[in-house]
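Below: one structure, written as structure tokens.
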Amino acid sequence: MKAPSGFCLPDAGETAALAIARCLLEHEAALLDEQRWPEWLDLYRPDCTYWVPARRADETLTDDPEIELSHIFYASRAGLEDRIRRIASGRSAASTPMPRTTHLVGNVRLREASAAEVIRVTSAWTTQVFFVRSRQTHGFFGSADTDLTCVDGAWRIARRRTVLHNDYVPTMLDIYCL
Amino acid sequence: MDFSDMKRYVDDRPQDGVFRVHRDVFSDQALFELEQRHIFERTWCFLGLESQIARTRDFLTNWIGRTPILVTRNDDGAIVGLINVCRHKAVLLRHEEAGNAGVHICPYHGWSFDANGHNVHVKNTRTACYPAAFDAESHDLLRLPRTASYRGFIFGSLSAEVPELGDFLGDMRFFIDLIADQGPQGIELVPGRAVYTYNANWKLQLDNGVDPYHLTSTHASFLDVQAVRRKGEGNVESRSFDWRKRDEFPAGAMNFRNGHSAVWMRQPEPEKRPIAPAMDEIRARVGEQRAEWMLNARNLQIFPNMQIADAISPMLRTFRPLAVDRTEMRAWCLAPIGEPRALRAWRLRQYEDFFNPGGMATPDDTVIYEDAQRGMAASPLDFLQGYSRGLGAAVSGGGEAGAALGLDPATSVEGRYDMFNEVAFHGPYREWARLMEAGLSGRRAWA
């Protein structure tokens, strides 16, 4: 099959890498929807970076989290662990009652797959959130870059950069909205 | 509704130990319309920082109440306040929050304006048969009646009948100085901002911004996270404070004239403040007393639309009332211009942790504002309770802190952090009632 310019159909190795990435992203979506927090954290490497850039006044994304604002920036999984502690504590009004979510992930495209150890993908995502407290529903959506690495046969997320397209935030935002 | 007597809404009788605010102040649609006209359109409102428009032809946009505002720096370097609306069909001229442009072109019929707001183009003027009367009119953008800056903070007023900005700010200038002087070249907004809304009245934020004592209940889950971090677990990079220590520290509140107020407290662990490594330079430049006050926590209300919180790393937030039960917030991290990279990262991690709408504290505030707004509809409820907390210790003038600093607030209170109170809400509500009364009775708001 002939492909249009700039687009190459994946070869067998790339198809396998894409299948791994899709499987993991969909699994992550389900873990968030089912609030299986320890398993969700376990998908991330302890030394992962988790980054949701903010926008500058000219609507461009911030690109250096050291000197520009992010919605969320963690240089390790510890920041995500803090959030799960808070969300699960029942002592945060923002997450009590816990909002209900459906995460959808699609349009997964391979950016890089080297040997059997690293897969880098870009995806589109949308999350519908029902804020039980206010009986309001909001759809968050955007794109994400995910780097996966395989250590001892287990694929984990080494880097996540999430772009929130509608970052006119309705009341609150947390990791389960993304 | 009876708007003839604002005492029905703000029951201010300190001599009787009474300060009460009626729930209608938060929920009445007619009052909301009146406060747009008599408060937002009749006093100074914060618009932005001069460092946001550092170069000629830079511009920023903002709102005063319902009115879109365009602030530019013209070719002479002067700051110009304009109404961000084309004179033809009232189309919004600039949609960006900030940018640089020599000419502002209306997207509808192409009317164009320079950085001074002067009309430089109307389409087909030679052939369009505009009558002489049209040519006799000015087609320039409307100017804000007043635009002025204090220490790089730009304010504008839709009414010309306001005092000079310095007189309006009064002794709040001391607290603004403590922000502006944190860097030898001044301060700036860190690139990147958060914009968020909540479905509740703007005055819930007005109160919350000078209310340190909700921390231990509203933000219990954040304090839990801090406790875990003290054991070396969790995101220790965010350098969170051990706020338990401050219960016994001195603290206070001051109400200034024209609606401004400040709360302050001695802050434990000053070494965690991102200016801590720069304190030698700061002390040499501003003196020992001002340097020490920069390390004290200070939350400021610049009435009516801006707050600064400097208890972690400093944040600046503005609020724009969209409806009686809906408010738009914008928040920025403040930082010294030219700050070293490592200190900027330190500052940002502290800021994001607490203040972002996706952080671990602000969401607990905003969802509770919405709970409060739902409660404000309760028809059997009249006056809200608790505004008098601290009134028993409030005094005229500035107390010990005021005397030491040479400040002359209208009222103040001093004590320990754990007696923190609602005295700093009084100044803003007194000004709210004063401006509403002046507007409703047709009197000038300012002498």
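Lettering follows sequence order; numbering is per chain, from 1. Computed from a prediction, not measured in an experiment: that's the story for all the values here.
Heavy atoms of B:Tyr351 lying under 4.5 Å from chain A belong exclusively to its side chain. Residue A:Ser76: no heavy atom, backbone or side chain, is found under 4.5 Å from chain B. With a 4.5 Å cut-off on non-hydrogen atoms, A:Arg133 touches chain B through its backbone and its side chain both. Looking at A:Ser70, the atoms closer than 4.5 Å to chain B (heavy atoms on both sides) sit in the backbone and in the side chain alike. Looking at A:Glu66, the atoms closer than 4.5 Å to chain B (heavy atoms on both sides) sit in the backbone and in the side chain alike. Neither the backbone nor the side chain of A:Arg77 comes within contact range of chain B, judged by heavy atoms closer than 4.5 Å. When heavy atoms are compared at a cutoff of 4.5 Å, A:Pro53 does not approach chain B at all. Contacts of B:Asp371 with chain A are made by side-chain atoms alone, with heavy-atom separations under 4.5 Å and no backbone atom involved. With a threshold of 4.5 angstrom between heavy atoms, B:Arg326 approaches chain A through side-chain atoms but not through N, CA, C or O. Using a 4.5 Å cut-off between heavy atoms, A:Tyr168 contacts chain B through both its backbone and its side chain.
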**Message:** Does A:Asp33 form a side chain to side chain donor-acceptor pair (under 3.5 Å) with A:Thr102? I'd like the steps, not just the answer.
**Reply:** CA-CA 6 Å; A:Asp33 290 344; A:Thr102 294; 4.7 Å; no
**Item:** Verdict with reasoning, B:Glu50 to B:Ile154, per side chain to side chain contact (heavy atoms under 4.5 Å, CB included)
**Value:** CA-CA 6 Å; B:Glu50 287 186 7; B:Ile154 308 168; 3.7 Å; yes
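At a threshold of 4.0 Å, the pair A:Glu59-B:Arg193 counts as salt-bridged, since one of the basic side-chain nitrogens sits closer than that to a carboxylate oxygen. Ion pairing of B:Asp325 with B:Arg374 is absent here, as no side-chain N (NZ or NE/NH1/NH2) approaches a carboxylate O to less than 4.0 Å. The pair A:Asp147-A:Arg111 meets the salt-bridge criterion, since a charged nitrogen lies less than 4.0 angstrom from a carboxylate oxygen.
Under the 6.0 Å cut-off for aromatic ring centres, B:Phe46 and B:Trp332 do not qualify, their centroids lying 6.0 Å or more apart.
Atoms CG and CG, on A:Leu69 and B:Asn356 in that order, are 5.0 Å from each other to the nearest 0.5 Å.
Ring pair A:Trp40/A:Tyr50 is perpendicular by interplanar angle, where above 60° counts as perpendicular and below 30° as parallel. Between B:Phe354 and B:Phe222, the ring planes lie perpendicular to each other; the angle is over 60°, past the 30° to 60° tilted range.
In this structure a side-chain-to-backbone donor-acceptor pair under 3.5 Å is missing from B:Asn201 to B:Gln373.
Ranked by heavy-atom pairs shorter than 4.5 Å toward chain A, the options B:Glu96, B:Arg341, B:Glu370, B:Glu237 are led by B:Arg341. Between chain A and the residues B:Gln52, B:Arg229, B:Glu233, the most heavy-atom pairs under 4.5 angstrom are made by B:Arg229. Between chain A and the options B:Val190, B:Thr362, B:Asp224, B:Val225, heavy-atom pairs under 4.5 Å are most frequent for B:Asp224. Considering only heavy-atom pairs separated by less than 4.5 Å from chain B, the leading option among A:Ser95, A:Ser92, A:Gly79 is A:Ser92. The candidate from A:Cys177, A:Ala93, A:Ser89 with the greatest count of non-hydrogen atom pairs under 4.5 Å with chain B is A:Ala93. Heavy-atom pairs under 4.5 Å with chain A peak, among B:Arg344, B:Glu97, B:Met360, at B:Met360. Between chain A and the residues B:Ile368, B:Val228, B:Leu343, the most heavy-atom pairs under 4.5 angstrom are made by B:Val228. Each of B:Glu328, B:His219, B:His95, B:Arg347 has some count of heavy-atom pairs under 4.5 Å with chain A, and the biggest count is that of B:Glu328.
Closest approach of A:Tyr176 and A:Ala94 over heavy atoms only: OH-O, 3.7 Å.
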